[in-house]
Amino acid sequence: GCQVEILSQDPLRYRISMDGVSGEMETTLAVPGQRVVTKSLSHDMGISGVWDTRFLATPTGTRVEHTTKMKFANPF
């Protein structure tokens with residue numbers, strides 16, 4: 001399974017561990033109800049990148065837009 005450990009609150013940094021590997025992440029922007037941007041700080045998992053998620057109000061609910069820019073250390 002996946003485990004998440006909070007490393008600091010300001011800035012928000014956390015470690016994700018999964019299948020014996022882990023990676024540290026940092027939330028670089030958080031606008032409640034609108035946008036969250038997270039980047040990887042370590043490359044132990046073989047990938048790094050920036051994850052940008054936006055939440056947009058619509059007449060029928062919320063639309064979620066997500067953009068990921070990834071870099072693979074070990075190409076396929």
- With rounding to the nearest 0.5 Å, note down the distance linking OG in Ser48 to NZ in Lys69. 13.0 Å

- Examine Met25 and Phe72 and state if one hydrophobic cluster contains both, with Ile, Leu, Val, Met, Phe, Trp and Tyr joined whenever side-chain heavy atoms are less than 4.5 Å apart. yes

- Task: First locate atom CD of Gln34, then atom OG1 of Thr62, and finally report the distance between them rounded to the nearest 0.5 Å.
- Result: 11.5 Å

- Task: Any chance you could measure Thr27, atom OG1, to Lys39, atom NZ, to the nearest 0.5 Å?
- Result: 11.0 Å

- Item | Arg13 side, atom CZ; Thr38 side, atom OG1 - distance, nearest 0.5 Å | 12.5 Å

- Task: Kindly compute the distance separating CE (Met18) from SG (Cys2), expressed to the nearest 0.5 Å.
- Result: 5.0 Å

- Item | Remaining members of the apolar cluster that contains Val64, side-chain heavy atoms under 4.5 Å | Val36, Phe55

- Message: Using the side chain to side chain contact (heavy atoms under 4.5 Å, CB included) criterion, which residues pair with Thr68? Sequence neighbours excluded.
- Response: Trp51, His66, Met70

- Task: State yes or no: do Val31 and Val50 share one hydrophobic cluster built from I, L, V, M, F, W and Y residues joined by side-chain heavy-atom distances below 4.5 Å, directly or via other members?
- Result: yes

- Message: For Arg54 and Glu65: C-alpha separation, side-chain torsions, deciding distance, then whether salt bridge (Lys or Arg N to Asp or Glu O under 4.0 Å) applies.
- Response: CA-CA 5 Å; Arg54 296 173 189 248; Glu65 293 181 353; 5.3 Å; no

- ILVMFWY network linking Val4 to Leu7, side-chain heavy atoms under 4.5 angstrom: no

- Query: Could you state the interatomic distance from CD (Glu24) to CD1 (Ile16), rounded to the nearest 0.5 Å?
  - Reply: 10.5 Å

